[in-house]
Amino acid sequence: MTNKTDRIIIFDTTLRDGEQCPGATLNIDEKLVIAKQLARLGVDIIEAGFAFASPGDFEAVSKIAKIVGTENGPVICSLARAIKADIEAAAEALKPAVNARIHTFISTSDIHLEYQLRKSRAEVLAIAEEMVAYAKSFVTDVEFSPMDAARSDPEFLYQVLERTIAAGATTVNIPDTVGYTTPSEFGAIIKGIIENVPNIDQAIISVHGHNDLGLAVANFLEAVKNGARQLECTINGIGERAGNASLEELVMALHVRRQYFNPYLGRPEESQESLTNIDTRQIYKTSRLVSNLTGMLVQPNKAIVGANAFAHESGIHQDGVLKNKLTYEIMDAQLIGLTDNQIVLGKHSGRNAFRTRLKELGFELSDTDLNKAFVRFKEVADKKKDISDWDLEAIVNDEIQQAPDLFRVELVQVSCGSNARPTATVTLRTPEGEELTDAAIGTGPVDAVYKAINRVVNVPNELIEFSVQSVTAGIDAIGEVTIRLRYDSKVFSGHAANTDIIVASAQAYVNALNRLYSALQRQEKPEEISAHRV
């Protein structure tokens, strides 16, 4: 990275801070799929995880570093506490990356020092300086974060930043860790740093913020006006508690209002050049991918990527948009990759046409995955006359981005109606290859299916969320089902798509159970995961 001040660096932490969102846990393959898409999106830095946190995190960082961290790819970053063992783990995991960054942190607010670290300011200052220098011995690109900077004493913050920059930090990140500040306050913090840290010109100022008061994006934009040049954000704004600053909102705010922001970056006001390296046409696809894999649904009225973001119901608005889109739309839906999806494929379409269209949509599949997706496409095409781009996306995501393949749905059969008791029969294939069948009665067909599955799988869990969304309009639309299960305070998500909502519901439930089952296997609790044989 260069200390260039006329553009904004996008640091994506979806795979690290975003994954800390309850229920958003991803496996290694899913993280890699997202990392590849983030590279296509054009993010400058991917924070791939916290290498020291677990063997799984270490492996994910290492795999992403190797496969995505190529010469022309993004910088790959790992988080590390200001502790030698953390920094060593990060350095080892990042070795395969052409461009690697270690991001180390320690708290600087008095409340954190007193109650969490139980250290003095002098001790924290010495640790920060020493650990940045230690990280610098492994990589040239080191980022330092004074955690809870927004609530830290400014004079102490300036001192810590000066010393860590002198020790080798190339980026200093200012986190609003608890989402406490307002835009004018946050802007003032950045301005104060520029005016009071003598060597600040030797580092890029970054910002990281949570959305507890719904102000994260506004805070970041104010920070940009005051000199911040790196924004740490996540897709769909996912993350701890109320989430992080949303990448899509930040990027599109900077794009749509670039004439307003240009002077703050030393550009001519009339310049049309983008302020980031993001390919905005990949935004919607990336949003959908992250939503599907994490099980975190995007609210319909979410800015930029929500289902209603470009919808107009008011007669006055509809009239205006029909006459000229600019009357009520400040951006073109095609700019974020949302189009009027021409129908291009049907049941007579061949494998080559299928492959070509997927490539145009940004999917790069192996021969094995392509074959699996093509078989599924043919099955859907037999039931659905026209296949839209959204249908293709749902088919591919559902087929190649699945949970661990442990239990498999072989048969789902239901009986229900206004004067009948909903009954379901299911057959599952166990991890050992045995087919088990059971039946149950429920309050509705889906409830009956889930009770029957529970009788077979016999894994204790609590269903905390069930949602169904239509991929496209029409009676033959593919339905996407997302469910979330809770077990022992942890949340596991499942997702599936099918023209039959009952089948999709069963598959989504089994996907979540497979994630739960896999987690229990890793914890070696075989007594809790036995299948029930009938």
Side-chain angles (χ1 to χ4, degrees), residues 1-18 33-48 64-65 67-77 97-101 103 140-141 143 170-171 173 203-209 217 220-221 223-225 227-237 244-268 270-287 289-290 303-305 331-332 334-338 362 364:
M1 303 304 300
T2 59
N3 199 1
K4 192 177 177 183
T5 58
D6 70 342
R7 78 171 181 91
I8 302 300
I9 298 162
I10 299 298
F11 177 112
D12 184 276
T13 185
T14 302
L15 297 176
R16 201 277 300 170
D17 202 330
V33 168
I34 291 174
K36 287 179 178 178
Q37 180 57 28
L38 291 173
R40 282 191 287 269
L41 179 64
V43 304
D44 300 288
I45 300 130
I46 296 175
E47 190 165 48
I64 291 168
I67 296 173
V68 184
T70 58
E71 186 174 356
N72 297 318
V75 173
I76 307 300
C77 174
V98 175
N99 299 298
R101 172 181 294 189
H103 178 192
T140 57
D141 189 355
E143 178 171 335
T170 47
T171 299
N173 178 48
I204 290 167
I205 298 177
S206 175
V207 289
H208 177 106
V217 169
F220 277 30
L221 295 176
V224 167
K225 289 164 60 177
R229 291 296 176 263
Q230 177 178 289
L231 306 180
E232 306 200 356
C233 43
T234 62
I235 301 299
N236 299 335
N244 285 266
S246 162
L247 181 147
E248 59 276 5
E249 292 177 26
L250 286 166
V251 167
M252 293 312 295
L254 290 168
H255 185 80
V256 171
R257 299 303 312 278
R258 57 193 179 280
Q259 291 184 324
Y260 172 76
F261 285 101
N262 277 336
Y264 293 104
L265 279 79
R267 298 183 179 200
E270 66 279 3
S271 173
Q272 293 296 316
E273 188 181 349
S274 179
L275 297 181
T276 72
N277 283 335
I278 297 296
D279 178 359
T280 62
R281 294 165 300 177
Q282 293 286 335
I283 284 177
Y284 188 75
K285 183 177 186 296
T286 311
S287 169
L289 177 68
V290 170
I304 314 301
V305 292
M331 69 189 95
D332 191 330
Q334 293 185 8
L335 198 58
I336 65 162
L338 242 169
E364 296 177 7

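Because the structure is predicted, anything quoted here is derived from the model rather than measured. All heavy atoms count here, side chains included; hydrogens, waters and symmetry mates do not.
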Separation of [Y] [atom2] from [X] [atom1] (nearest 0.5 Å):
X	Y	atom1	atom2	result
R281	Q334	CZ	CD	11.0 Å
N173	F11	CG	CZ	7.0 Å
R101	T140	CZ	OG1	10.0 Å
I278	M252	CD1	CE	11.0 Å
S271	N262	OG	CG	5.0 Å

Is there a side-chain contact between [X] and [Y], using heavy atoms and a 4.5 Å cut-off?
X	Y	value
I34	I235	no
I204	T170	no
E143	E232	yes
I336	E248	no
H255	S274	yes
V98	N72	no
T286	R40	no
D141	N99	no

[X] and [Y]: which non-hydrogen atoms are nearest, and at how many Å?
X	Y	answer
A228	V207	CB-CG1, 4.0 Å
A48	I64	CB-CD1, 3.9 Å
F220	G209	CZ-N, 3.1 Å
V75	A100	CG1-C, 4.2 Å
C233	L250	CB-CD1, 3.8 Å
I304	I283	CG2-CG2, 4.3 Å

Q. Looking at N236, L231, L41, which one forms a side-chain contact (heavy atoms from CB on, under 4.5 Å) with L247?
A.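 Testing each of N236, L231, L41 against L247, the sole residue satisfying side-chain contact (heavy atoms from CB on, under 4.5 Å) is L41.
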
**Q.** Qualifying residue for side-chain hydrogen bond (donor to acceptor under 3.5 Å, both in side chains) with S206, from Q230, H103, R229
**A.**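 Answer to the side-chain hydrogen bond (donor to acceptor under 3.5 Å, both in side chains) test with S206 among Q230, H103, R229: Q230.
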
With no hydrogens and no angle check, is any side-chain donor or acceptor of [X] less than 3.5 Å from a backbone partner on [Y]?
X	Y	answer
N244	T234	no
D12	I46	no
T280	L335	yes
R267	E273	yes

Q: Output, in order, the C-alpha distance, side-chain angles, deciding distance and verdict of side-chain contact (heavy atoms from CB on, under 4.5 Å) for D17 and H208.
A: CA-CA 10 Å; D17 202 330; H208 177 106; 3.0 Å; yes

